[in-house]
Structures are given as C-alpha cells and as structure tokens.
Amino acid sequence: MIKQAIIPLAGLGTRLLPLTSVFAKELLPINGKPGIEYILDECIEAGIKEVIFIISKKKLMIKKYFYNDKFYKDIIKRKKDPRIINEYKKILKYKKMIKFVFQDKPLGTGDAVLKTKKFIKGKFFLMLLPDDLIVKQNCSKAMITLHKKFKSSVMASMKVKEKEVSRWGIYNIKEKISTKNFIIKGVIEKPSIKQAPSNNAVIGRYILPKKIFNKLLKLKPGKDGEIHITDAIQSLINDNNKFIGHNFSGKYLDCGTMNGYINSTLEIAKIWKFVWLALDTLG
Ligand code: UTP
C-alpha cells in the first residue's frame, strides 16, 4: 500500500515573478484556498498518511503557514470566531501529516527527491508536483489503484500540442494496456519538437519505486545543468522496470505560469459557482 507522498517545493518559481520574489507560489490563493491545500486534499482522499515537503530557506513561509499556533491560539482566545477555529483545525489536521526536509540549492527535481531518501519506508511512494492541479477526479487515487493491480510505477499523462512538447517530459509507448493506460518505452525531459518521440506528456503525479534513489545518487546533471527525475526514470526503464503512463480523467490546470495561474483561478471559481447554484436550487 502507498502511504507516503513527497512534494518538491524548493524551486524558484521564476515563471510567476514578480509574485514569487517575496511569496511562495504554492500559497497563492485559488478561489480563497492556497494551491497546496488542493494537493494535500487529493493526497488525503487517496489514502496517503504522511506527506514530505521539500522546501528551501526561501520557502520557509510554507512551514510557517502550518506552524503558526501561537498566533491562532491568541486570536481564537480573543475573538472566539467559529470560522477561524474551523480554519485552525484544518491547518492542524494537515500539520499532523507533514514532514519538512530541506534542499539548500535548487539543483533540479531529481536532487529534491533525493533529499527524502532516508524517510521513505515502503517499496513505492507517490510524488506530486504542486504546479499541476488536477480537479474533478482524484488522479492520485486512480494511479494508486492501477499500481495495486500491476505492481509497477505509474506516471500521469496527457496529450499536449506538438508545438508545446518542449515544456514537458515526453514519453513514447511500448504497449497499450487499455484505452487510458500504456507501458512506457522511454521518456525524455523537455525535448525539442524534432527530438520528441510523441506528444504524450508526463504530468506532475508519479508513483516511483524506492530504488530510484540509487539511480539519482549516480546521476550526472542533465538538461540546463539540473538533476532531472526523468533521467532516473529512463535509467530504471533501461533496467526493465515497468512504468505505466496513465491518461487521467480529471481536468488539468497549470498553476506554474502566470496565464495558467489566472486561468486556474477562473476554472475553479466556475466549479464552485456551479456547486453553490446546485445547493441553492436544493434549498
Ligand atoms: P519547475 O522547474 O517546473 O518549477 O519544478 P520551478 O522551479 O518552481 O519554477 P520556474 O520553472 O522557475 O517557474 C517542478 C517542481 O519541482 C520543484 C519546484 O518547486 C516545483 O514544484 N523543484 C524544482 C524543487 O523542489 N527543487 C528544484 O531544484 C527544482
């Protein structure tokens, strides 16, 4: 059973400058709720019991968000506001399941993952990249079900426009297992249109084997001088480890770019407007 998830949060967030010059992008509100809480709710619903946050000194604000107890206790004592009491209870629930580890320098996603090595207990763990929100369906839950069936690694995927392949990890298919699931032949980090073997992109949800840490330890920096998780995955595939690409059913929202972030806030507001209207009709 997969009970642990890791969330790399130590990147610089340059695509969301100037906001990220002083603010952690994962705390930016999407319809009044920080993006990271959507990710945590997805984990909880998927049965995850422990989440490891990889942060840096520049991202200490994220730890503070969950560790502001004295502030909450003082305010609650003075105001006794039920809304604040409820919000604090929610924060406490999240805090109980979060562990923090540090990546001092943003040397790449692979290097970030390596920082969790000594904390991973099971043979497999879940990784979520918080820039990628998937709403309407719980992608992690569907991937864990798939993992149980095939006992293999799984990566979320979707088709992207050919001219946009260089933004993603791109994989090609070895074998189709069903309409939405494929055995992966190989994966390449942010290829040019010419290099790209397909337009199947890896989206930020992964079920990875613990043995990926040994690969990461041996890996040399790849594209742009960073250590990429994609390169470690390719090395595992070369050793005949099975990776399944899962075309998820939910709606993908990109929160890592300014246009994507603005669009995500609009899309989630639309979903909530629909919920409020439905509740209103029911009286
Ligand atoms: P990205 O490279 O896509 O995003 O990392 P970024 O670095 O945060 O932002 P840009 O590209 O400068 O706009 C994907 C995920 O991996 C984390 C990031 O925080 C993000 O959640 N990451 C990236 C790390 O934790 N450490 C790194 O060294 C690099």
Side-chain angles (χ1 to χ4, degrees), residues 4-28 30 34-40 42-43 51-63 65-66 98-117 119-120 125-134 139-140 155-158 160 164-170 187-191 201-206 208 212-213 216-217 219-233 252-264:
Q4 284 182 300
I6 69 168
I7 307 183
L9 299 150
L12 296 176
T14 53
R15 289 166 298 163
L16 281 177
L17 282 169
L19 298 177
T20 42
S21 64
V22 293
F23 209 76
K25 62 179 169 181
E26 298 80 8
L27 293 179
L28 288 171
I30 300 176
I36 192 68
E37 289 193 11
Y38 289 88
I39 301 282
L40 286 170
E42 179 178 332
C43 288
V51 182
I52 303 172
F53 279 13
I54 305 131
I55 60 167
S56 64
K57 280 195 189 127
K58 286 197 180 118
K59 295 288 199 73
L60 267 175
M61 166 190 285
I62 297 175
K63 188 165 184 190
Y65 182 78
F66 296 97
I98 306 171
K99 217 182 214 139
F100 290 85
V101 300
F102 282 80
Q103 184 194 27
D104 297 332
K105 284 191 192 141
L107 299 177
T109 47
D111 181 68
V113 172
L114 203 45
K115 305 293 175 204
T116 67
K117 182 173 182 276
F119 302 103
I120 297 297
F125 59 96
L126 174 70
M127 173 166 85
L128 304 95
L129 299 185
D131 283 355
D132 294 346
L133 278 195
I134 300 172
C139 178
S140 296
M155 300 198 278
S157 76
M158 68 176 192
V160 295
E164 288 177 3
V165 285
S166 61
R167 280 188 54 196
W168 315 89
I170 298 290
V187 61
I188 172 167
E189 179 69 16
K190 300 190 174 87
V202 178
I203 303 301
R205 302 287 182 279
Y206 304 70
L208 298 169
I212 199 160
F213 293 117
L216 286 167
L217 279 170
L219 218 58
K220 298 236 158 60
K223 209 173 189 111
D224 302 323
E226 291 191 5
I227 302 201
H228 296 287
I229 195 71
T230 317
D231 296 338
I233 292 170
Y252 168 69
L253 299 172
D254 166 22
C255 299
T257 61
M258 194 57 89
N259 283 344
Y261 169 63
I262 292 166
N263 181 54
S264 305

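Please read these numbers as outputs of a predicted model, since none were measured by experiment. Counting convention: from 1, in listed order, for ligands and their atoms alike. Quick note: residue numbers are just sequence positions, from 1.
In terms of polar-atom proximity, Gly13 is counted as a contact of ligand 1, with an N or O under 3.5 Å from an N or O of the ligand. Remark: ligand 1 and Ile54 share no N or O pair separated by less than 3.5 Å (distance only, no angle test). An N or O contact shorter than 3.5 Å links Gly108 to ligand 1 by distance.
Using a distance-only test at 3.5 Å, with no hydrogens or angles considered, a donor-acceptor pair links the side chain of Thr20 to the main chain of Gly13. In terms of modelled atom types and a separation under 3.5 Å, the side chain of Lys223 and the main chain of Lys190 share a donor-acceptor contact. Judged purely by atom type and a 3.5 angstrom limit, Tyr38 uses its side chain to pair as donor or acceptor with the backbone of Ile30. Lys63 places no side-chain N or O within donor-acceptor distance of the main-chain N or O of Phe100, the cut-off being under 3.5 Å.
The nearest heavy-atom contact from the protein to atom 25 (O) of ligand 1 is Ala10 N, 2.9 Å. If you check which protein heavy atom lies closest to atom 22 (N) of ligand 1, you get Gly11 N, 3.6 Å. For atom 5 (O) of ligand 1, the nearest protein heavy atom (residue, atom name, distance) is Thr109 CG2, 4.3 Å.
If you check each of Lys25, Gln103, Arg15 against atom 26 (N) of ligand 1, the one with the closest non-hydrogen atom is Gln103.
Of all the atoms in ligand 1, the ones that sit under 4.0 Å from a non-hydrogen atom of Leu12 are 7 (O), 8 (O). Against a heavy-atom cut-off of under 4.0 Å, Leu9 is close to the following atoms of ligand 1: 19 (O), 25 (O). Those atoms of ligand 1 with a heavy atom of Ala112 less than 4.0 angstrom away are 24 (C), 25 (O), 26 (N). Using a 4.0 Å cut-off to heavy atoms of Pro130, the atoms of ligand 1 that qualify are 21 (O).
Shortest non-hydrogen contact noted between Leu128 and Glu42 is CD2-OE2, 3.9 Å.
Distance screen at 4.0 Å: atom 16 (O) of ligand 1 has a protein heavy-atom neighbour inside the cut-off.
Atom CG of residue Asp231 and atom CD of residue Glu226 lie 11.0 Å apart, to the nearest 0.5 angstrom. Note that the OG1 atom of Thr257 and the CG atom of Leu16 stand 7.0 Å from one another [nearest 0.5 Å].
Contact annotation: for Thr14 versus ligand 1, heavy atoms closer than 4.0 Å belong to both the backbone and the side chain. The parts of Pro8 lying near ligand 1 are both backbone and side chain, judged by heavy-atom distances below 4.0 Å.
Using a non-hydrogen distance threshold of 4.0 Å, Leu107 registers as a contact of ligand 1.
Sorted by first and then second residue, the side chain to side chain donor-acceptor pair (under 3.5 Å) pairs with a member in residues 104-113 read Gln103-Asp111; sequence neighbours excluded.
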Working note: Arg167 + Asp254, criterion salt bridge (Lys or Arg N to Asp or Glu O under 4.0 Å); need CA distance, chi angles, decisive distance, verdict. CA-CA 12 Å; Arg167 280 188 54 196; Asp254 166 22; 2.9 Å; yes

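Relative orientation of the Phe53 and Phe66 rings is perpendicular, given thresholds of 30° and 60° on the angle between their planes.
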